[in-house]
Colleague: 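This is the structure I want to talk about, given as structure tokens.
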Amino acid sequence: MLRTAVVLFNLGGPDSPRSIQPFLNNLFNDPAIIGIPWPLRPLLASVISHRRQKEARRIYDRIGGSSPLLENTRLQAEALEAAMDDEGLKVFVAMRYWHPMSEDTAIEVAEFKPDRIILLPLYPQFSTTTTASSLREWRRAWRRHGADVPTRAVCCWPRQEGLVACHAGLLREALEEAAGAPVRVLFSAHGLPETVIRGGDPYQWQVEQTSAAVARAAGLGEGDWTVAYQSRVGPLAWIGPSVEEEIERAGREDRGVVVVPVAFVSEHSETLVELDIEYRELAHGAGCTPYIRVAAPGCDARFIAGLAGIVRSVRDGDRPDLAAECGGRSCPAGLRKCPCPVR
């Protein structure tokens with residue numbers, strides 16, 4: 001019986017108030033986030049993390065002082081392992097900026113002695129700042145701790161059937177809650193600086209692909225929804241429109257909003273604080289009612305079935321390394337940061 005290790009990747013989050021500053025330092029010291037060279041990058045990361053820790057502590061205090069992302073991801077790993085029903089398969093978790101990071105998880109996977117490894121980032125839409133960074137860090141760690149094991153990585157799955165079905169089902173429930181009130185659906189995703197997208201990063205295009213697929217599955221008309229971006233930080237221009245702008249627009253039009261966190265698969269600070277508290281308060285002040293936030297997929301059976309389908313496809317098929325959901329490249333050729341080859 002072949003032993004298969006599946007590694008789920010996510011960004012991670014601080015597990016206590018004391019870990020907030022080092023978590024931020026790890027984040028800003030990533031060359032995918034701040035592209036200036038060493039040794040200036042660590043110095044700048046230290047300055048930024050110390051300046052931002054007070055605001056970050058305020059955010060995490062609103063959800064108990066730490067991030068729930070690791071616990072939620074471990075629950076997803078357990079659910080995926082159960083859905084696979086494969087005695088030779090074990091699912092591991094690796095976080096990018098806080099423990100367990102790739103260095104820790106590589107040791108666990110090496111001890112498992114797998115015959116093959118499947119790398120599955122829990123970012124449905126590929127970006128150099130998330131998927132590429134996580135996979136690069138894993139490969140660095142695995143070279144230090146693991147043997148030469150056949151490894152395949154999934155780069156993106158923006159239109160995966162289980163993901164779309166889950167979002168669409170939860171969205172329909174939210175629209176029923178709106179009880180016929182005029183609302184606009186906002187598909188919300190974490191924003192990125194415009195310079196990243198202009199450099200050929202396919203993230204924005206893939207977010208739009210996910211949103212359009214969910215809108216079709218939920219039966220939305222063309223004017224019933226839009227894509228918006230959240231979590232802007234720093235002085236750079238970011239992709240838009242922002243969620244704030246769309247909430248204010250809906251208020252002016254006497255509409256409410258239904259917000260779908262289309263790029264997040266687990267609840268964490270961006271959903272529990274930014275969407276549930278800060279944007280809700282903004283909507284109230286803008287006269288934007290109702291304000292309804294759709295849950296992240298979490299361990300929804302449709303979503304877990306989708307992840308299991310991805311793993312089976314990679315495990316049983318002949319897909320190349322860094323394969324998209326369709327078994328090959330789905331991004332337009334002009335998005336040159338997409339790692340899948342143009343065919």
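Numbering of residues begins at 1 and proceeds along the displayed sequence.
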Colleague: Does the side chain of Trp142 come within less than 4.5 Å of Ile107's, by heavy atoms?
Modeller: no

Colleague: Using side chain to side chain contact (heavy atoms under 4.5 Å, CB included), reason through Val183 and Arg255 one step at a time and then give a plain yes or no.
Modeller: CA-CA 5 Å; Val183 295; Arg255 285 178 178 247; 5.8 Å; no

Colleague: Is it true that Glu103 and His145 share a donor-acceptor pair across their side chains at a distance under 3.5 Å?
Modeller: yes

Colleague: Is there a path from Val185 to Tyr291 through hydrophobic residues (I, L, V, M, F, W, Y) whose side chains come within less than 4.5 Å of each other?
Modeller: no

Colleague: Side chain of Glu81, backbone of Val91: donor and acceptor closer than 3.5 Å?
Modeller: yes

Colleague: Under 3.5 Å, side chain of Arg152 to main-chain N/O of Val314, donor-acceptor pair present?
Modeller: yes

Colleague: Which residues pass the ring-ring contact (aromatic ring centres under 6.0 Å, His included) test with Phe92, not counting sequence neighbours?
Modeller: Phe112

Colleague: When you measure from the side chain of Asn72 to the backbone N and O of Glu267, does any donor-acceptor pair fall under 3.5 Å?
Modeller: yes

Colleague: Regarding Arg136 and Asp30, does a basic nitrogen lie under 4.0 Å from an acidic carboxylate oxygen?
Modeller: yes

Colleague: Do Phe126 and Pro339 come within less than 4.5 Å of each other through their side chains, counting heavy atoms only?
Modeller: yes

Colleague: Compute whether any side-chain donor of one residue and acceptor of the other, for Ser134 and Arg96, lie under 3.5 angstrom apart.
Modeller: no

Colleague: Flag yes if Leu122 and Leu163 sit in one hydrophobic cluster, no otherwise; membership is Ile, Leu, Val, Met, Phe, Trp, Tyr, and two members link when side-chain heavy atoms are under 4.5 Å apart.
Modeller: yes

Colleague: With the 4.5 Å side-chain cut-off for hydrophobic clustering, are Val273 and Leu27 part of the same group?
Modeller: yes

Colleague: Assess the residue pair Glu246 and Arg249 against the criterion (salt bridge (charged side-chain N to carboxylate O under 4.0 Å, His left out)); give the C-alpha distance rounded to whole Å, side-chain angles, the decisive distance to 0.1 Å, and a yes or no.
Modeller: CA-CA 5 Å; Glu246 288 300 319; Arg249 179 165 76 100; 2.8 Å; yes

Colleague: Honestly curious: do Val265 and Val6 fall in one hydrophobic cluster under the side-chain, below-4.5 Å linking rule?
Modeller: yes

Colleague: Could you tell me if Glu274 and Ser269 have a donor-acceptor pair between their side chains, going purely by distance under 3.5 Å?
Modeller: no

Colleague: Does atom CD (Glu71) have a neighbourhood of more than 12 heavy atoms from anything else shown, all under 6.0 Å?
Modeller: no

Colleague: To the nearest 0.5 Å, tell me how far Thr226 OG1 sits from Glu208 CD.
Modeller: 9.0 Å

Colleague: Going by heavy atoms in the side chains, are Arg302 and Glu161 under 4.5 Å from each other?
Modeller: no

Colleague: Taking Gly309's backbone N and O only, do any of them form a donor-acceptor pair with Ser313's side chain (distance below 3.5 Å, no angle check)?
Modeller: no

Colleague: Any side-chain heavy atom of Pro202 within less than 4.5 Å of one from Cys338?
Modeller: yes

Colleague: Is the shortest distance from a Lys or Arg side-chain nitrogen in Arg184 or Asp224 to a carboxylate oxygen in the other one below 4.0 Å?
Modeller: no

Colleague: Go through the steps to decide whether Asn10 and Thr130 satisfy the test side chain to side chain contact (heavy atoms under 4.5 Å, CB included), and finish with yes or no.
Modeller: CA-CA 8 Å; Asn10 216 319; Thr130 53; over 6 Å; no

Colleague: Checking side chain to side chain contact (heavy atoms under 4.5 Å, CB included) for the pair Met95/Leu70: CA distance, chi angles, key distance, verdict?
Modeller: CA-CA 8 Å; Met95 295 295 182; Leu70 176 58; 3.9 Å; yes

Colleague: Are Trp98 and Asn26 close enough that a side-chain donor and a side-chain acceptor fall under 3.5 Å?
Modeller: no

Colleague: Decide, yes or no, whether a salt bridge links Arg293 with Asp276 under the criterion of side-chain N to carboxylate O below 4.0 Å.
Modeller: yes

Colleague: Determine, using the 4.5 Å side-chain heavy-atom cutoff (strictly less than), whether Val258 and Phe264 are members of one ILVMFWY cluster.
Modeller: no

Colleague: How far apart are the C-alpha atoms of Glu137 and Ser102, what are their side-chain angles, what is the distance that settles it, and do they pass the side chain to side chain donor-acceptor pair (under 3.5 Å) test?
Modeller: CA-CA 7 Å; Glu137 183 64 13; Ser102 287; 5.7 Å; no

Colleague: Per the ring-ring contact (aromatic ring centres under 6.0 Å, His included) rule, what does the pair list look like for residues 202-221, sequence neighbours excluded?
Modeller: none

Colleague: How far apart are the C-alpha atoms of Leu192 and Ser127, what are their side-chain angles, what is the distance that settles it, and do they pass the side chain to side chain contact (heavy atoms under 4.5 Å, CB included) test?
Modeller: CA-CA 9 Å; Leu192 285 176; Ser127 175; 3.6 Å; yes

Colleague: Whether Asp86 and Arg315 form a salt bridge (side-chain N of Lys/Arg under 4.0 Å from carboxylate O of Asp/Glu) is what I want to check.
Modeller: yes

Colleague: Does CZ in Arg51 sit with more than 12 non-hydrogen atoms of other residues, nucleotides or ligands closer than 6.0 Å?
Modeller: no

Colleague: What residues form a side-chain contact (heavy atoms from CB on, under 4.5 Å) with Pro121, not counting sequence neighbours?
Modeller: Phe9, Tyr123, Thr131, Leu135

Colleague: May I ask you to check whether Trp238 and Tyr229 place their ring centres under 6.0 Å from each other?
Modeller: no

Colleague: Is there a side-chain contact between Pro17 and Arg57 in this structure, where contact means two heavy atoms from C-beta onward sitting under 4.5 Å apart?
Modeller: yes

Colleague: Taking the side chain as C-beta and beyond, is there a heavy-atom pair between His284 and Arg280 under 4.5 Å?
Modeller: no

Colleague: So, are Glu278 and Arg58 salt-bridged, with charged N and O less than 4.0 Å apart?
Modeller: yes

Colleague: Is it the case that over 12 heavy atoms from other parts of the model lie below 6.0 angstrom from the CZ atom of Arg18?
Modeller: no

Colleague: Check whether any side-chain N or O of Thr151 sits under 3.5 Å from a backbone N or O of Val149 as a donor-acceptor pair, and report yes or no.
Modeller: yes

Colleague: So Val109 and Pro114, do their side chains get closer than 4.5 Å, heavy atoms only?
Modeller: yes

Colleague: Run through Leu282, Ile247, Asp254 and flag the one making a side-chain contact (heavy atoms from CB on, under 4.5 Å) with Cys288.
Modeller: Ile247

Colleague: Is there a side-chain contact between Thr4 and Asp115, using heavy atoms and a 4.5 Å cut-off?
Modeller: no

Colleague: With the threshold set at 4.0 Å, does a side-chain nitrogen-carboxylate oxygen contact exist between Arg62 and Glu281?
Modeller: yes

Colleague: Please assess Asp15 against His99 for the test side chain to side chain donor-acceptor pair (under 3.5 Å), listing each intermediate value before the final yes or no.
Modeller: CA-CA 8 Å; Asp15 51 18; His99 306 290; over 6 Å; no

